[in-house]
Structures are given as C-alpha cells and as structure tokens.
Amino acid sequence: MEKGLVLKSTGSHYKVLYGEGIILNCSVKGKLKIRELKTTNPVAVGDNVLFDIDKKTNSGIITEVLARRNYILRKASNLSRQYQIIASNIDQAFLMITIILPETQVEFIDRFLITAEAYRIPATIIINKTDLYSDAEVEKMEYLESVYSKIGYDCIKLSLKDKNSLDTIIPLMKNRINLISGNSGVGKTTLLNLIDPELNLKTAEISDYHKQGKHITTFPEMHKMPFGGFVIDTPGIRGFGVADMERNEIYHFFREIFKVSKNCRFTNCLHLDEPGCAVRSAVEHGEIDFLRYRSYLNIMEGDDRKYR
Ligand SMILES: Nc1nc2c(ncn2[C@@H]2O[C@H](COP(=O)(O)OP(=O)(O)OP(=O)(O)O)[C@@H](O)[C@H]2O)c(=O)[nH]1
Ligand SMILES: [Mg+2]
Ligand SMILES: [Zn+2]
C-alpha cells in the first residue's frame, strides 16, 4: 500500500504523485469508502489517497481517499442534488477575473467568494488583462478593486503580456497548494505557462464572435511549481451553483453583510424586507455595496440558471 496525491482526475483515471516524484496512472476498483456527500467525482484533485500497485500493468488501484482538510464544491447541475468537487486540500484560492474579453460578472465573483468563505479557504482576486483596458474599463476595474479590498480580499492586477507581473504573484503561491479558478478565457493557463514554460499547456484565443473563452482546459490538474508548491489549473466555468449551504446561512459568507447583521432587529433576519434590518439600511447608506447586496438577493432567490 502506498500513499499519494491526486494530480488529475478525469472521472475514471487518475494521475497520482508519490514517493520521490513518481507519477502513476491509477484507477478505482470496487467500492471506495462511502461518504455522506453525494458527489459526481469520488476522487478529486488534491486528494490524498491510498493505493496498491499492480506490477503487471504498472498502474495503481486507489482503495481509499483520506479525510479532506477542505474542498471547493459546485453543483453538478441546477436541479440535481449532486455536487462536484473541483479540488480539495487547498491552501489558497485565486479567482481570476477580467473586465472584458470575457467580462466577469460580479455575481459570479460573489458566488465564488462565498463558496471559498464557507470552506474557510483564503481567496484572492486576480484582475488580469490590464493591458487591454480603456479608461472606462480601468475605472470599472478600480471600482471592483475598491469594493473587494474594502471587505478584505486582496486584489492583484496583472497583465500576462508583461513578464514582470509574476513578481507579485509568485511569492504568494510559493510553497502552497493554490487553486486558480475563473471564467473560460481569462488567462488561467497562460499564467501557468508563463511561470513554467516547460508545462507547455494548451491555451487559445477567445472567440471573436461571443467574446468568450472556448473551454480549452477540460479537467482540473495540479502542477508542481519550480519555486515550490503547486497550482491547480481548472476548466473555465460559467458559474457556480451555490452548493451545500442553508438558505439562512448564506449571508454568513458575505463578510460585510454578516458583520452588519448583528445590528438587525430580529436575530433571524434574512435581510430581505424585514423591519429594522441593519443590512438594508447599510445598503441605502452606501456602506454595503449595492452590487454585493444584489448578488445576495439573487442567490437567496436560488437563481442558479445562468451559473453553470
Ligand atoms: N491581452 C492579454 N491577453 C491575455 C492575457 N492573459 C491571457 N491572455 C490571452 O487570453 C486567451 C485565453 O487564455 P487561456 O490561458 O487559454 O484562458 P483560460 O482561463 O485558461 O481558459 P479555459 O482553459 O478555457 O478556462 C489567450 O489567447 C491568452 O493569450 C493578458 O494579460 N493580456
Ligand atoms: Mg485553461
Ligand atoms: Zn437584516
């Protein structure tokens, strides 16, 4: 029996790192230990697993997934109760966004952030493609930067056309397990190729017509970094169905809303239209950003349709 780290999962085959940097193809045979969570992928990138080596085929058979320190989940589809684990055992999550080409929606940002918040994974926002922005787009970028840094999320501006951009990001990633997420086409894989050109991962220009990415990366994959640590590149996602959260706890994961909610008249206030709601009052006074509150309302309505 050996212990290893799952670098890639395609649903039936797994790439596992073990020993002194050996990478082995593995599969799952029979039943794994049953978990209470209903997931479409029982073994996820970042999992620590136990496996047996089949000497004849030089491949591994995973027998157990060890307890996860954390994970990022999304709903497999809006209607299903099934969840997909994007990755597990993460030290830090980077959300890469762009103002244009493609345009990342604020609600998408918030859905990601509350998911990270719920699993206590520190999240940092990367605003990429700064070389492309007009004055109006720079203004929008700075607005988002001010909203999110005010509530305590670091925002890093990058242009991957400029190699010096890496100087800010590499020290943050060093010796950690980092996840990069974001819409298709924002430049997640381009960042990895710039850090380590030997990876030579596939990237593509975004579509001229739809101004969106083409979903080039198809499976999450963890890559070892030359400076120490790992980065998990993920497929671009249109959005997040909020997973595994009770309706009356959603506001706990909007940091600034949670803080103000202590002053609401009713302890079970959901900050919708209750009298004496301190959150609504803070929105009216501009202390809580309206876009954040709107994301909250949409998530409360369960409007997940466009977020998959
Ligand atoms: N102008 C400019 N283009 C960039 C920048 N970063 C990435 N790109 C381009 O954006 C396109 C998409 O980049 P990818 O790295 O494939 O995007 P991705 O986020 O991995 O996309 P998926 O794998 O589909 O999720 C490529 O043509 C990159 O060259 C940037 O900072 N500035
Ligand atoms: Mg990619
Ligand atoms: Zn309230």
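Both counts, for ligands and for their atoms, begin at 1 and track the order of listing.
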*Asks:* For S184, is at least one N or O under 3.5 Å away from an N or O on ligand 1?
*Replies:*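 Between S184 and ligand 1 (N or O atoms, distance only) the closest approach is under 3.5 Å.
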
*Asks:* Could you tell me whether some N/O pair between K214 and ligand 1 is separated by less than 3.5 angstrom?
*Replies:*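 Between K214 and ligand 1 (N or O atoms, distance only) the closest approach is not under 3.5 Å.
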
*Asks:* Please confirm whether F51 and Y18 have ring centers closer than 6.0 angstrom.
*Replies:*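 Here the rings of Y18 and F51 have centres that are less than 6.0 Å from each other.
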
*Asks:* Hey, what's the ring geometry for Y296 with F254, parallel, tilted or perpendicular (30° and 60° as the breaks)?
*Replies:*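 Ring orientation of Y296 relative to F254: perpendicular.
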
*Asks:* Kindly confirm or rule out an N or O of G185 lying under 3.5 angstrom from an N or O of ligand 1.
*Replies:*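 In this structure, G185 places an N or O atom under 3.5 Å from an N or O of ligand 1.
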
*Asks:* Which heavy atom of L113 sits nearest to which heavy atom of A123, and what is that distance?
*Replies:*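 Result for this residue pair: CD2-CB, 3.8 Å.
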
*Asks:* Out of all atoms in ligand 1, which are within 4.0 Å of some heavy atom of T189? Include the element for each.
*Replies:*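 Near T189, the atoms of ligand 1 are 15 (O), 20 (O).
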
*Asks:* Under a 4.0 angstrom heavy-atom cut-off, which atoms of ligand 1 come close to G236?
*Replies:*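 Numbered from 1, ligand 1 contributes 25 (O).
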
*Asks:* Are there any protein N/O/S atoms under 2.8 Å from the Mg ion (ligand 2), and if so, which?
*Replies:*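 Near the Mg ion (ligand 2), the protein supplies T189 OG1, T217 OG1.
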
*Asks:* Parallel, tilted or perpendicular: which fits the ring planes of Y251 and F258, with parallel below 30° and perpendicular above 60°?
*Replies:*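 Judged by the thresholds at 30° and 60°, the geometry between Y251 and F258 is tilted.
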
*Asks:* Polar contacts were defined as any N/O atom of the residue lying under 3.5 Å from an N/O atom of the ligand; does this apply to T190 and ligand 1?
*Replies:*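 Yes.
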
*Asks:* Looking at residues at least two apart in the chain, or sitting in another chain, which of them share a ring-ring contact (aromatic ring centres under 6.0 Å, His included) with Y143?
*Replies:*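 If we apply the ring-ring contact (aromatic ring centres under 6.0 Å, His included) test to Y143, skipping adjacent residues, there are no hits.
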
*Asks:* Looking only at N/O atoms, are D233 and ligand 1 under 3.5 Å apart anywhere?
*Replies:*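 Looking only at distances, the answer is no, because the N/O contact criterion of under 3.5 Å is not met.
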
*Asks:* Mind running side chain to side chain contact (heavy atoms under 4.5 Å, CB included) on F230 and L5 for me, showing each step along the way?
*Replies:* CA-CA 11 Å; F230 295 90; L5 171 68; 4.1 Å; yes

*Asks:* Quick check on contacts: which atoms of ligand 1 are under 4.0 angstrom from a heavy atom of L132?
*Replies:*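 Those atoms are 1 (N).
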
*Asks:* Determine the minimum heavy-atom distance between N128 and V186, stating which atoms define it.
*Replies:*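 Minimum heavy-atom separation between N128 and V186: ND2-O, 2.8 Å.
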
*Asks:* Thinking salt bridges, do E103 and K211 make one under a 4.0 Å N-O criterion?
*Replies:*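 No, this pair does not count.
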
*Asks:* If I compare all heavy atoms of I85 with all of N41, which pair ends up nearest, and what's the gap?
*Replies:*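 Closest pair (atom of I85, atom of N41, distance): O-ND2, 2.7 Å.
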
*Asks:* Kindly check if the number of other-residue, nucleotide or ligand heavy atoms within 6.0 Å of NZ (K214) is above 12?
*Replies:*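 Atom NZ in K214 is crowded, with more than 12 foreign heavy atoms closer than 6.0 Å.
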
*Asks:* Heavy atoms only: which of S165, G187, S181 lies closest to atom 17 (O) of ligand 1?
*Replies:*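 The nearest heavy atom belongs to G187.
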
*Asks:* Would one find an N or O of I206, backbone or side chain, under 3.5 Å from an N or O of ligand 1?
*Replies:*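 No, there is no polar N/O contact under 3.5 Å.
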
*Asks:* Among protein atoms, how many N/O/S atoms lie less than 2.8 Å from the Zn ion (ligand 3)?
*Replies:*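 If we list every protein N, O or S atom nearer than 2.8 Å to the Zn ion (ligand 3), we get 4.
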
*Asks:* Does ligand 1 have an atom that lies less than 4.0 angstrom from a heavy atom of S159?
*Replies:*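 Contact present.
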
*Asks:* Does any N or O atom in T234 lie less than 3.5 angstrom from one in ligand 1, N or O only?
*Replies:*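 In fact, backbone or side chain, T234 has no N or O that close.
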
*Asks:* So does E139 have more than 12 non-hydrogen atoms from other groups sitting under 6.0 Å from CD?
*Replies:*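 No, because the 6.0 Å sphere around CD of E139 holds 12 heavy atoms or fewer from other groups.
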
*Asks:* Between E117 and R255, is the closest basic N to carboxylate O distance under 4.0 Å?
*Replies:*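 Answer for the salt bridge query: yes.
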
*Asks:* D233: which residues meet the salt bridge (charged side-chain N to carboxylate O under 4.0 Å, His left out) condition with it, sequence neighbours left out?
*Replies:*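 Partners of D233 by the salt bridge (charged side-chain N to carboxylate O under 4.0 Å, His left out) criterion come out as none, since no residue qualifies.
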
*Asks:* Looking at K129 and L101, what are the two nearest heavy atoms and their distance?
*Replies:*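 That closest heavy-atom pairing would be NZ-O, 2.8 Å.
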
*Asks:* Would K129 count as a polar contact of ligand 1, with the cut-off being nitrogen or oxygen pairs under 3.5 Å?
*Replies:*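 By distance alone, the answer is yes.
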
*Asks:* With a sphere of 6.0 Å drawn around CG of D167, does it hold more than 12 non-hydrogen atoms of other residues, nucleotides or ligands?
*Replies:*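 Yes.
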
